[in-house]
Amino acid sequence: MAVLSLEGDFTIYQAAELKPLLLQVLQESRNDGKPLELDMSAVTECDGAGMQLLLALAKSASEFGVAVYLRGLQQTLLDMLELYGVSNRFVVTGAGNE
């Protein structure tokens, strides 16, 4: 499993720099035939742009046949996934505050 640890803010201000990195890691996972795990336990903030980036990643992963695991989500991000009805697009493991 390819693991990418994210830290700090996952917002509009970081989206442009994170998108190519996420796509690169997703492509590597596809080439290796392994799932992708995002360790988000150190993410302190996520806004609509961060959520869009996660959803774009989920869409590309689905097209590539790669499972995406989200580990260590803070409760606020878990709530956002539920609120938008998209929690089923990811495998969520562990909570960041555990």
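- Side-chain atoms of Ser62 do not come within 3.5 Å of backbone N or O of Ala58 as any donor-acceptor pair.
- In this structure, the side chain of Asp9 does not engage the main chain of Thr44 through any donor-acceptor pair within 3.5 Å.
- Annotation for Phe64: atom CZ counts as buried by contact number, over 12 foreign heavy atoms lying within 6.0 Å.
- Under the 4.5 Å side-chain heavy-atom criterion for grouping Ile, Leu, Val, Met, Phe, Trp and Tyr, Tyr84 is connected to Val92 within one hydrophobic cluster.
- Inter-residue side-chain proximity for Tyr69 and Leu36 is flagged as unmet; no heavy-atom pair is nearer than 4.5 Å.
- Side-chain N or O atoms of Gln14 include one that pairs as donor or acceptor with a backbone N or O of Thr11 at under 3.5 Å.
- Closest non-hydrogen pair, Pro35 versus Ser29, comes out as O-OG, 3.7 Å.
- Residues Val25 and Val3 are not in side-chain contact: their nearest non-hydrogen atoms beyond the backbone lie 4.5 Å or more apart.
- Going from atom CG of Leu81 over to atom CG of Asn88 covers 9.5 Å, rounded to the nearest 0.5 Å.
- Between Leu70 atom CG and Arg89 atom CZ the span is 12.5 Å, to the nearest 0.5 Å.
- We find the CD-CE distance between Gln74 and Met40 to be 9.5 Å, quoted to the nearest 0.5 Å.
- Taking a 6.0 Å sphere around CD of Glu7, one finds it holds 12 or fewer heavy atoms contributed by other residues, nucleotides or ligands.
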Walk me through whether Leu38 and Leu22 qualify under side chain to side chain contact (heavy atoms under 4.5 Å, CB included). CA-CA 9 Å; Leu38 296 180; Leu22 291 173; 3.8 Å; yes
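- Taking CD of Glu63 as the reference point, atom CZ of Arg30 lies at 9.5 Å (rounded to 0.5 Å).
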For Phe10 and Leu54: C-alpha separation, side-chain torsions, deciding distance, then whether side chain to side chain contact (heavy atoms under 4.5 Å, CB included) applies. CA-CA 10 Å; Phe10 197 66; Leu54 282 178; 3.6 Å; yes
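- Side-chain heavy atoms closer than 4.5 Å link hydrophobic residues (I, L, V, M, F, W, Y) into clusters, and following such links, possibly through other members, connects Leu57 to Val86.
- Annotation: the span from Leu83 atom CG to Met51 atom CE amounts to 8.5 Å, rounded to 0.5 Å.
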Start with the C-alpha gap between Ser87 and Leu78, add the side-chain angles, then the distance that decides, and say whether side chain to side chain contact (heavy atoms under 4.5 Å, CB included) holds. CA-CA 8 Å; Ser87 59; Leu78 286 169; over 6 Å; no
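- Taking the side chain as every heavy atom from C-beta outward, Leu4 and Leu21 approach each other to under 4.5 Å.
- Separating the CZ atom in Arg71 from the CZ atom in Phe90 is a distance of 16.0 Å, to the nearest 0.5 Å.
- A distance-only check finds a donor-acceptor pair linking the side chain of Asp39 to the backbone of Ser41 [under 3.5 Å].
- Looking at every heavy atom in both residues, Asp47 comes nearest to Met80 through O-CE, 4.0 Å.
- Residues Glu37 and Met1 approach most closely at CB-SD, 3.4 Å, considering heavy atoms.
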